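Here's the structure, in structure tokens; my notes come after.
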Amino acid sequence: MKLRQREKAVSNPSAVIVLAAGQGTRMKSATPKVLHTMCGLPLVGHAISSAYEAGAADVVVVVRYQRDRVVEVVKALDENVLIADQDEIPGTGRAVQCGLNSLPNTLTGTVIVTSADVPLLEPETIQQLHALHETNQNAVTVMTTIVEDATGYGRMVRDHGALVGIVEHRDATEEQLEIKEINAGIYAFDAEFLRTALGKIDTENDQGEVYLTDTVAIAVKEGRRCGAFILEDQWQAQGCNDRAQLAELRDEMNRRILNQHMRAGVSIVAPCTTHIDVTVEIGPDAVIEPGTILEGDTVIEPYAVIGPNTTLRNVQVGTGAVITHSFLHDTEVTEGTVVPPFTYQNN
Ligand code: UD1
Ligand code: CA
């Protein structure tokens, strides 16, 4: 499992800090939430991949819960990722502060903050957030969405349309609970503002935590500009808290992966029964028959026919090869080969 190399974008964030220190209690799992997998990568892998693809010079992952396990997986995905350990002081604000401390204290420009459990966030969206933030010369820009049921989320508090702060659900007044614009937990910050603002946040809230969201009120108080980037594609801001949400998000990601392949000229006969990892490459005019699962570093050349009922894991398939009713892993099928049905093959 490795992330692919990517081209850098034109205007780049200085750094992306990915928050991954939480336990994820509602997964009811011995495995940390951010290591649960979806379409070929752990949740934290999707977050790292989007961060690099958005052009970040540095990506920092903030860890704490089962940190050794998380670090091992992260480093195997990309050894360039910086690791920051969060101490015993709780809260998203503290997590970001720990992340910042692993970057040079002279860092300037824009720092993006994302969460390791928001796997559908796309690199283009991070770039748009970044562009809006820099164009408006904001101290902080918050990604938000409008939802029908805002239960549990931080509410965006506005005064005559201008953002004045974020209040957590549990700290909100009756009136604030009516607000439908929520904080998606993804932000762009001016690095210098972030560094000084984090030093000013207390823990005067219902959870006794250092809230990153308090930076907005600080910006307003100091007369700095702040704003919101309202996201229309809500899937991209959707966090994963339990296994039911994990399954929903995986379904949606799979749908998006299949659509990309179909638009690029791949025939997928029965999308509902087909699963393709984000790491898989398929050439145009390949045909993917029903019940096919394509995993890992699988590469399929044009005109190949895969399936029905076939699983390929890390398999190189040559042009025009045919593989039906089979399970192959870590192997190669050369151009034009017809693999006999019901084959099990590794090497
Ligand atoms: C946070 C926001 C809330 C927003 C929501 C979006 C704050 C105070 N609130 O709330 O406004 O609507 O996200 O999902 O920021 N984490 C750490 N260290 C910590 C605490 C959290 O790394 O000490 C990480 C978690 O692993 C997670 C992310 O930060 O990846 C968000 O933490 P979580 O506890 O889920 O925040 P919420 O309470 O949902
Ligand atoms: Ca929480």
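Values in this document were obtained by computation on a predicted structure and should not be read as measured data. In listed order, ligands and their atoms are each counted from 1.
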Q: State whether the number of non-hydrogen atoms from other residues, nucleotides or ligands found under 6.0 Å of Tyr65 atom OH is greater than 12.
A: yes

(Q) Just checking Gln234: does its CD atom have more than 12 heavy atoms from other residues, nucleotides or ligands closer to it than 6.0 angstrom? (A) yes

Q: Provide the number and element of each atom of ligand 1 under 4.0 Å from a heavy atom of Thr92.
A: 7 (C), 8 (C), 15 (O), 20 (C), 21 (C), 29 (O), 31 (C), 32 (O)

(Q) Within ligand 1, which atoms have a heavy atom of Gly154 less than 4.0 Å away? (A) 3 (C), 4 (C), 11 (O), 12 (O)

(Q) Under 3.5 Å, is there a donor on one side chain and an acceptor on the other for Gln345 and Ser326? (A) no

Q: State whether the shortest distance between N or O atoms of Ile89 and N or O atoms of ligand 1 falls below 3.5 angstrom.
A: no

**Q.** Over all atoms of both residues, closest heavy-atom pair of Arg250 and Met38
**A.** N-CE, 3.6 Å

Q. Taking all atoms of both residues into account, what is the closest heavy-atom pair of Pro13 and Ile112, and its distance?
A. CB-CG1, 3.8 Å

Q) Which of the numbered atoms in ligand 1 are below 4.0 angstrom from a heavy atom of Ala95? A) 17 (C), 18 (N), 22 (O)

Q) For ligand 1, which atoms sit closer than 4.0 Å to a heavy atom of Ala184? A) 6 (C)

Q.
Just to be sure I read this right, does ligand 1 sit under 4.0 Å from the backbone of Arg64, its side chain, both, or neither, counting only heavy atoms?
A. neither

Q | Interfacing atoms of ligand 1 (cut-off 4.0 Å, heavy-atom, Leu19) | A | 22 (O), 24 (C), 29 (O), 30 (O)

Q.
Taking the ring of His133 and the ring of Phe189, is the distance between their centroids below 6.0 Å?
A. no

Q: List every atom of ligand 1 that sits less than 4.0 Å from any heavy atom of Tyr211, numbering the atoms from 1 in the order shown and giving each element.
A: 8 (C)

Q.
Does atom CZ (Arg26) have a neighbourhood of more than 12 heavy atoms from anything else shown, all under 6.0 Å?
A. no

(Q) Counting only heavy atoms, tell me which of Gln207, Gln238, Glu168 gets closest to atom 2 (C) of ligand 1. (A) Glu168

**Q.** Close-contact set for ligand 1 against Thr213 heavy atoms, below 4.0 Å
**A.** 7 (C), 8 (C), 9 (N), 11 (O), 15 (O)

Q) Should the heavy atoms of other residues, nucleotides or ligands under 6.0 Å from NZ of Lys221 be counted, would the total exceed 12? A) no

Q | Shortest heavy-atom approach to atom 16 (N) of ligand 1 - which of Gly22, Gly239, Gly185 | A | Gly22

